[in-house]
Amino acid sequence: MAHPFPRIEAAAIDGRLHTLYHRQVQLERLCKALIANVNEIKQAIEQDYTHTFEEIATEYHTTLTTVKQHYSLLNPKEAHEEEYLVANGRDAPHTRAPAGIVYIEPTAHTFFYSSIVPLAAALAAGNCVVLLVSTHFFPHFIKAKLTQIAASEQSTFASRATTENPHLIFGCGHLCHCLFAGQARCVP
Amino acid sequence: MDADIFVIASSPVKHDVFLSKSICVLQNGINELPKLNQITSLAGAPVIAVVDRTADIQLAARELVAASSSFGGSSPYSPDIVLVNEFKRKDFIQAAISESLRLQNNKSASLTEKSKPPLPTLKDCEMVHQQPNLTIVHRTKRSSILQSTTSARLLVLHSISSLDDAIDLINSKTSSPCLAAYHFGNPATGKYLSQFIPAQHTFINHVPRDLLIGPPIPLSTTGSDPKQRYPTTLFSVPRPVYIKETKTGAEKGAADLLAEATAPLKQFKRHPGGGVGFFEQGFLINAGFIVVSTLTCTGTGLFWLWKWSRTV
């Protein structure tokens, strides 16, 4: 059987998110998209659930705080030192590698929190993510809104990259290879 | 996010190879123990609360009303059954009703107007209080406790006669650990209940509000922090690398190894324990009474005999 998500599989095999800079970029874009669409998200949650305004604000706040927290824990300098511990003759017992692909099936309760928080954690850990958002089932409005935000985000980035700065993708890729654990060619 | 890094699936993925090679976050729970690549919880694990005689009833009512009515009452951590000591049931119901009314008055300006879905029919229940923001029912029959779960703003009560009654009831209804347990009482009560009602997370005298947002905390063998539901370590694998050799000290010969191994164990000195047993204590006290009274009578008798012999 063919892989259901060939582009994701390719990115996972590449280890594209092994480098911290790329993870930071992904989380920055996620955060920016969520902040830019705060009112639409609030409205969608209001239409789906019977939560009070305080509860909606609490859910949004907790989600964004968690995303920002994951972002703040990404420290490229520390990660670089940890990567070269063994090269400098020291044990590296705490090294961790991203798992590869993460598939998330969120629950219907507080769908916004339930889908965004594991997504941010998985991206921060360096994985590619497949998120299940089936608009046939409850809650409909927030699911539609999140699908819309993701689609517009991806199309914006793709169009911006090709028109404004075609070298952006390749520049990022070169940086990726230098810091990728497997490649020994680039010695910093 | 890049289309290569993040994709939205519009229907559940059923590809076996994909599911076995990726990490699957299944927030709706599964029925058997999770595989190593599954971040999930056990479906159908109940959430119970116990309110003891020693509890602060106002505090318990406030916390449990918030847990049952926040976020539409559909949180996986809203209690499925609240076991209240029968002597405190009336006080608890009164406190819960007044708390529910207080919340309703506070929120009336901000509650979004919506037609509420009708409550499922509950059997063996007597209705105690019904408002849009919370319904309180008292389940009278033990057989129907924990038979069904509802995601509605509902608080289900049941009376218990003692802590042991609560423990026996819970352990007879579920074989797997509870998802969460909330115990209200003094700390010693909390300790006793938490030891004998197995639950993935137990909270004494409070219900953390953050718990009510989001999915159940995933099962993990290394323990999980209720404040951080998805730490990044769940999504990465350990890959330790060792370059330094661990020196085992001077090479020992076989004779040395055997001599060291056959040295006797350094035993922990325990108190002989027991002391005077319960029945032995009873025997000694009785024997003491008998001996003392016999000696007193004998002594008095001898004294009078001596006096009588003097007068004669």
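Sequence lines set the chain letters: A, B, ... in the order given, protein chains first and strands last, and positions in each chain run from 1.
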Report the distance from atom [atom1] of [X] to atom [atom2] of [Y], rounding to the nearest 0.5 Å.
X: Phe71(B); Y: Ile45(A); atom1: CZ; atom2: CD1; value: 9.5 Å
X: His94(A); Y: Thr233(B); atom1: NE2; atom2: OG1; value: 13.0 Å
X: Leu85(A); Y: Ile243(B); atom1: CG; atom2: CD1; value: 10.0 Å
X: Leu26(B); Y: Ile104(A); atom1: CG; atom2: CD1; value: 10.5 Å
X: Thr58(A); Y: Arg209(B); atom1: OG1; atom2: CZ; value: 11.0 Å
X: Leu30(A); Y: Ile5(B); atom1: CG; atom2: CD1; value: 13.0 Å

Do you know the tightest heavy-atom contact between [X] and [Y]?
X: Ser69(B); Y: Glu55(A); value: O-OE2, 4.4 Å
X: Pro12(B); Y: Tyr103(A); value: CA-OH, 3.5 Å
X: Asp91(A); Y: Lys244(B); value: OD1-N, 3.0 Å
X: Ala150(A); Y: Ile8(B); value: CB-CD1, 3.8 Å
X: Ala9(B); Y: Phe5(A); value: CB-CZ, 4.1 Å
X: His109(A); Y: Gly214(B); value: CD2-O, 3.5 Å

Identified side-chain contact (heavy atoms from CB on, under 4.5 Å) partner of Ile23(B) from the options Ile101(A), Asn127(A), Val102(A):
Val102(A)
Candidates Ser115(A), Pro106(A), Ser114(A) - the one meeting side-chain contact (heavy atoms from CB on, under 4.5 Å) with Pro215(B):
Ser114(A)
Per-residue contact mode, [X] against chain A (heavy atom under 4.5 angstrom):
X: Ser74(B); value: both
X: Thr40(B); value: neither
X: Leu212(B); value: backbone

Does the plane of the ring in Phe18(B) sit parallel, tilted or perpendicular to the ring in His3(A)? Use 30° and 60° as the thresholds.
perpendicular
Count the heavy atoms belonging to other residues, nucleotides or ligands that lie under 6.0 Å from NZ of Lys173(B), then report whether that count exceeds 12.
yes
Within a 6.0 Å radius of atom NE2 on His61(A), are there more than 12 heavy atoms belonging to other residues, nucleotides or ligands?
no
Of all of Ser75(B), Gly72(B), Ser11(B), which one pairs up most often with chain A through heavy atoms under 4.5 Å apart?
Ser75(B)
Between [Y] and [X], is there a side-chain heavy-atom distance shorter than 4.5 Å?
X: Pro93(A); Y: Tyr242(B); result: yes
X: Gln228(B); Y: His70(A); result: yes
X: Arg7(A); Y: Val7(B); result: no

Counting heavy-atom pairs closer than 4.5 Å to chain B, which one of [options] comes out on top?
options: Ala125(A), Ser134(A), Ala97(A); answer: Ala97(A)
options: Ala10(A), Ala99(A), Gly100(A), Ala11(A); answer: Ala99(A)
options: Ala124(A), Cys128(A), Pro118(A), Pro6(A); answer: Pro118(A)

Yes or no on side-chain contact (heavy atoms from CB on, under 4.5 Å) for Thr232(B) and Leu73(A), after CA distance, side-chain angles and deciding distance?
CA-CA 10 Å; Thr232(B) 45; Leu73(A) 291 173; 5.6 Å; no
Between Arg96(A) and Ser236(B) (side chain of the first, backbone of the second, donor and acceptor by atom type, cut-off under 3.5 Å), is there such a pair?
yes
Check whether Leu27(A) gets within reach of chain B through its side chain, its backbone, both or neither, counting any heavy atom under 4.5 Å.
neither
We want to know whether Arg229(B) and Thr66(A) form a side-chain donor-acceptor pair, criterion being a heavy-atom distance below 3.5 angstrom.
no
